[in-house]
Amino acid sequence: MFRTKRSGLVRRLWRSRAPVEGDGEADRGTHGSGGCCMGKTTKVAKSNAGSEAELKALTHSILKKIKEKQLEVLLQAVESKGGARSPCLLLPSKVDAKVGQQSYSLPMLLYKVFRWPDLRHSSELKRLSCCESYGKINPELVCCNPHHMSRLCELESPPPPYSRYPMDYLKPPDSLALQESGDRAHWCVVAYWEEKTRVGRLYSVQEPSLDIFYDLPQGNGFCLGQLCSDNKSQLVQMVRAKIGYGIQLTREPDGVWVYNRSCYPIFIKSATLDNPDSRTLLVHKVFPGFSIKAFDYDKAGNLQRPNDHEFTQQPRTGFTVQISFVKGWGQCYTRQFISSCPCWLEVIFNTR
């Protein structure tokens with residue numbers, strides 16, 4: 001029997017499905033099943049042989065109904081783990097699939113199979129701004145590209161003790177640093193640091209979306225791998241290599257979002273992620289494949305903290321969000337301050 005190209009694509013796609021707990025890969029915290037921002041991981045038990053066979057048969061049946069060109073788009077996205085640019089995969093949104101007693105829409109099934117086996121509801125997802133379906137409500141055709149989606153971080157309360165960060169260490173951004181970017185049209189500038197040393201010049205951002213990465217196929221944006229660093233620390237070099245696809249920084253109508261495209265957690269501190277009455281800032285852990293609104297313009301404009309002169313000074317120079325790759329900082333880490341982290345970013349927003 002001759003094997004068709006379509007059948008070959010379907011088999012390759014099934015082999016590239018997201019691993020569940022027990023498959024080996026899932027336990028490494030890469031692009032498989034995820035967790036939530038504050039570190040409480042949601043795990044999925046490895047399916048029994050019956051349900052696995054049922055899911056395989058259903059997935060194969062659905063994929064074989066998709067056009068060959070669309071299968072190639074899906075395969076490109078899945079095999080590159082979102083690293084390669086891939087177009088939207090527009091499919092009917094109202095087609096339902098049933099696994100056991102559970103029914104899923106076609107997009108949800110593809111998201112579960114190829115990215116997040118623990119996904120329960122579409123409310124846990126955030127569509128990325130690069131997607132054609134972004135901002136559209138109930139279109140007949142919806143993008144089913146799993147790498148045009150991200151998982152939403154759900155901030156929990158109260159936060160765990162390790163995430164407490166002293167307010168008195170927050171410093172307003174230097175007005176001269178903003179001038180160094182040389183362009184007043186920017187909405188933010190980004191500085192890359194290795195421990196206490198800034199590497200390279202400030203990167204001025206005018207476009208709505210920016211990729212910040214070390215090694216990204218077809219990467220276009222702020223490439224940290226091209227910066228010249230004199231740091232010979234083995235830890236810095238190890239973390240630098242793990243930045244990989246890095247993060248995506250996107251300015252949207254409701255604020256600035258950070259999407260973790262890498263294979264390792266990132267850690268974020270932002271004043272607008274906090275309770276306004278809190279006297280400490282929190283460090284939030286963001287797992288691979290998750291998005292978090294790192295900066296909220298409305299909250300920033302209204303942010304008032306008692307007895308805090310630094311916050312009253314920040315609106316005229318912008319607010320700063322700090323992001324560390326791989327390594328966290330705080331009371332339960334050996335690193336008390338972000339300046340002790342191997343590789344980190346400072347994002348300075350222009351609020352004028």
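Sequence positions, counted from 1, serve as the residue numbers for this chain.
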Would you say the side chain of [Y] lies within less than 4.5 Å of the side chain of [X], judging by non-hydrogen atoms?
X	Y	answer
Leu55	Leu109	yes
Arg251	Val205	no
Leu110	Leu63	yes
Ser262	Ile247	no
Leu273	Ile292	yes
Phe114	Leu74	yes
Cys188	Leu210	no
Ser291	Leu128	yes

Check whether any side-chain N or O of [X] sits under 3.5 Å from a backbone N or O of [Y] as a donor-acceptor pair, and report yes or no.
X	Y	answer
Lys269	Leu282	no
Ser16	Glu79	no
Gln237	Gln234	no
Thr272	Asp296	yes
Asp215	Ala241	no
Trp344	Glu195	yes
Gln336	Gly330	yes
Arg261	Ile212	no
Trp187	Glu207	yes
His148	Ser86	yes

With rounding to the nearest 0.5 angstrom, report the [atom1] to [atom2] distance, [X] to [Y].
X	Y	atom1	atom2	answer
Ser150	Lys126	OG	NZ	5.5 Å
Trp116	Met149	CH2	CE	6.5 Å
Cys130	Gln248	SG	CD	6.0 Å
Leu152	Phe290	CG	CZ	9.0 Å
Arg115	Leu125	CZ	CG	9.5 Å
Gln226	Ser229	CD	OG	14.5 Å

Are [X] and [Y] in one and the same hydrophobic cluster, where Ile, Leu, Val, Met, Phe, Trp and Tyr link if side-chain heavy atoms are under 4.5 Å apart?
X	Y	answer
Leu89	Leu141	no
Phe287	Val239	yes
Val236	Ile243	no
Leu106	Val142	no
Tyr264	Ile323	yes

Within a 6.0 Å radius of atom CG on Asp254, are there more than 12 heavy atoms belonging to other residues, nucleotides or ligands?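 Check passes, neighbour count above 12.
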
For Asn220, look at atom CG and say whether over 12 heavy atoms of other residues, nucleotides or ligands are found less than 6.0 Å away.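 Open.
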
Step by step, work out the side-chain contact (heavy atoms from CB on, under 4.5 Å) result for Cys223 and Phe213. CA-CA 5 Å; Cys223 180; Phe213 57 94; 3.6 Å; yes

Apply side-chain contact (heavy atoms from CB on, under 4.5 Å) to residues Val347 and Val258 and explain how you reach the verdict. CA-CA 11 Å; Val347 184; Val258 173; over 6 Å; no

Which residue in the set Phe349, Phe295, Tyr297 passes ring-ring contact (aromatic ring centres under 6.0 Å, His included) when paired with Phe319?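 So, applying the ring-ring contact (aromatic ring centres under 6.0 Å, His included) to Phe319 and each of Phe349, Phe295, Tyr297, only Phe295 qualifies.
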
Where do [X] and [Y] come nearest, in terms of heavy atoms and distance?
X	Y	value
Leu90	Cys143	CD2-N, 3.7 Å
Ala294	Val321	O-CG2, 3.8 Å
Pro288	Pro265	CD-N, 4.1 Å
Arg240	Cys343	N-SG, 3.7 Å
Gln76	Pro87	OE1-CD, 4.2 Å
Tyr245	Lys81	CE1-O, 3.6 Å

Could you walk me through whether Lys293 and Lys299 pass the side-chain contact (heavy atoms from CB on, under 4.5 Å) test, one step at a time? CA-CA 12 Å; Lys293 190 199 293 187; Lys299 289 183 180 179; over 6 Å; no

For Val73, what are the other residues in its hydrophobic cluster, where any two members join if their side-chain heavy atoms are less than 4.5 angstrom apart?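 Once heavy-atom contacts under 4.5 Å are chained together, Val73 still belongs with nothing else.
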
Show the numbers, then the answer: is there a salt bridge (charged side-chain N to carboxylate O under 4.0 Å, His left out) between Glu346 and Arg198? CA-CA 10 Å; Glu346 187 175 30; Arg198 198 181 86 194; over 6 Å; no

In sequence, state the C-alpha distance, the side-chain angles, and the governing distance for Leu119 and Arg151, and then conclude on side-chain contact (heavy atoms from CB on, under 4.5 Å). CA-CA 9 Å; Leu119 184 64; Arg151 288 286 289 273; 3.8 Å; yes

Between Thr320 and Gln322, is any side-chain donor less than 3.5 angstrom from a side-chain acceptor?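 Judged by distance alone, the side chains do not pair up.
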
Find out whether the Lys NZ or Arg CZ of Arg11 is both under 6.0 angstrom from the six-membered ring centre of Trp14 and within 45° of the ring's axis.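 No, Arg11 and Trp14 do not form such a contact.
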
